[in-house]
Amino acid sequence: MFEPTTVYTPSPTRYDDMTYNRCGNSGLKLPALSLGFWHNFGDITPYEHMKQLVFTAFDHGITHFDLANNYGPEPGAAERNCGRLLHQYFRAHRDELIISTKAGYEMWQGPYGDHGSRKYLLASLDQSLERLGLDYVDIFYHHRPDPETPLEETMGALAQAVSSGKALYVGLSNYDGPTMEKAAAILKELHVPFIINQNRLNIFDRKPDENGLLDSALKLGKGVITFSPLAQGLLTNRYLNGVPEDSRMKADGRFLHEDALTPAKLGQIRALNELAADRGQTLAEMSVAWLLHHPAVTTVLVGASKPQQIIDNIGALKNTDFSEDELRRIDEIALGK
């Protein structure tokens, strides 16, 4: 039985305060903050709650919704729930939205449901479009490098995704600098609009800086979207006084374990919190602002369990400037430099 259609009227001022950054050298602009459809858009989350998260994001100018085939739980659930939201509330606003999805992790049983083969990527894209109820996605990513599949094959599949009209742009996720540069050369030869890299980056985790991804993105004119900006909540005031009973760390230890909050880590968090207070920001705001100050970063991917968290993250846009002394102090605290 179909649910009754309900009308959603977005805020008329939704574009007034959001910053939009050009994605590398491409013509596409992305909001400084993007909404991730990850844990809180699986089937364990009430649909009404998902709806309020998405309405809050769009009402504040967040026009980019980021997904992957395996996001849930269960795998596929986030795309299916996103498709339901798009159908019910955003049909009149599709051309205001950037919808991205990915393939690269295990999605179905057998030898064709994982990694980077042409068979897997193109089949997965078709499945994603069906769950989303869309004719195309704006960005289609390869979710992780696959050393067992020739890079030419994987990039050729991305090329076909664009030539078939099922994706407008392509991206790479979790690649390092040298591998990304090799992939970019293949995609350039195939005339594929490769515009963006998605990688984990935050004050505590500097891997894309260490493996050359950020430098390569700047050199080649590619955008970067960062995920886990708050280190699964460590870079907030959530754990300043220990582990709350209602926290993700306590309730769901799949991605953030209690043993991550060592006395040394807690000392770092408290020191960073003091620095943020000196800047007139919360620790979460400073952590997002720190990412956006980097010239390679186009947009920061945020997750949220409450609408207010989205609004709080937008507060970071008020001050993304850092003095050399502040940057040095952050490095000293986080990296022991």
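When reading the values below, keep in mind they use all heavy atoms of this one structure, side chains included, and skip hydrogens, waters and symmetry mates.
Remark: R329 engages no residue in a side-chain hydrogen bond (donor to acceptor under 3.5 Å, both in side chains) (not counting sequence neighbours). In this structure, H49 has no ring-ring contact (aromatic ring centres under 6.0 Å, His included) partners at least two apart in sequence or on a different chain. In this structure, S164 has no side-chain hydrogen bond (donor to acceptor under 3.5 Å, both in side chains) partners at least two apart in sequence or on a different chain. For S124, the side-chain hydrogen bond (donor to acceptor under 3.5 Å, both in side chains) partners are N69, not counting sequence neighbours.
The aromatic ring centroids of Y89 and F58 lie 6.0 Å or more from each other.
Counting heavy atoms from C-beta outward, Y105 and R144 have side chains that approach closer than 4.5 Å. Contact check for H142 versus V170: no side-chain heavy atoms found under the 4.5 Å cut-off.
Under a hydrophobic clustering in which Ile, Leu, Val, Met, Phe, Trp and Tyr are joined whenever their side-chain heavy atoms come within less than 4.5 Å, directly or via other members, Y169 and V297 fall into different clusters. Hydrophobic clustering, with ILVMFWY side chains joined whenever heavy atoms are under 4.5 angstrom apart, groups V54 together with V300. Linking ILVMFWY side-chain heavy atoms closer than 4.5 Å, directly or via other members, places L33 and L28 in two distinct hydrophobic clusters. Taken together through direct or relayed side-chain contacts under 4.5 Å among Ile, Leu, Val, Met, Phe, Trp and Tyr, I196 and Y71 form parts of separate hydrophobic clusters.
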Scan the side chains in residues 278-292 for donor-acceptor partners under 3.5 Å anywhere in the protein, sequence neighbours excluded, and list what turns up.
residue: R279; atom: NE; partner: Q281; partner atom: OE1; Å: 2.9
residue: R279; atom: NH1; partner: D321; partner atom: O; Å: 2.9
residue: R279; atom: NH1; partner: E326; partner atom: OE1; Å: 2.9
residue: R279; atom: NH2; partner: Q281; partner atom: OE1; Å: 3.0
residue: R279; atom: NH2; partner: N319; partner atom: O; Å: 3.2
residue: R279; atom: NH2; partner: D321; partner atom: O; Å: 3.3
residue: Q281; atom: NE2; partner: N319; partner atom: O; Å: 3.1
residue: T282; atom: OG1; partner: E285; partner atom: N; Å: 3.0
residue: E285; atom: OE1; partner: T282; partner atom: N; Å: 3.0
residue: S287; atom: OG; partner: L283; partner atom: O; Å: 2.8

Let me check something: any side-chain donor-acceptor pairs from residues 181-195 under 3.5 Å, sequence neighbours excluded? List them with distances.
residue: E181; atom: OE1; partner: K219; partner atom: NZ; Å: 3.0
residue: E181; atom: OE2; partner: S216; partner atom: OG; Å: 2.7
residue: E181; atom: OE2; partner: K219; partner atom: NZ; Å: 3.0

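Ring geometry for F37 versus F65: interplanar angle of 30 to 60°, hence tilted.
Between D331 and R206, at least one side-chain nitrogen of the basic residue sits less than 4.0 Å from a carboxylate oxygen of the acidic one, meeting the salt-bridge criterion. Checked for salt-bridge contact, K51 and E48 meet the test: a charged N lies under 4.0 Å from a carboxylate O.
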### Task
Kindly determine whether R328 and E332 satisfy salt bridge (charged side-chain N to carboxylate O under 4.0 Å, His left out), including the steps that lead there.
CA-CA 6 Å; R328 177 185 57 78; E332 287 177 349; 2.7 Å; yes
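N197 places no side-chain N or O within donor-acceptor distance of the main-chain N or O of N199, the cut-off being under 3.5 Å.
Under 3.5 Å, the side chains of D59 and Y8 contain a donor-acceptor pair of N or O atoms.
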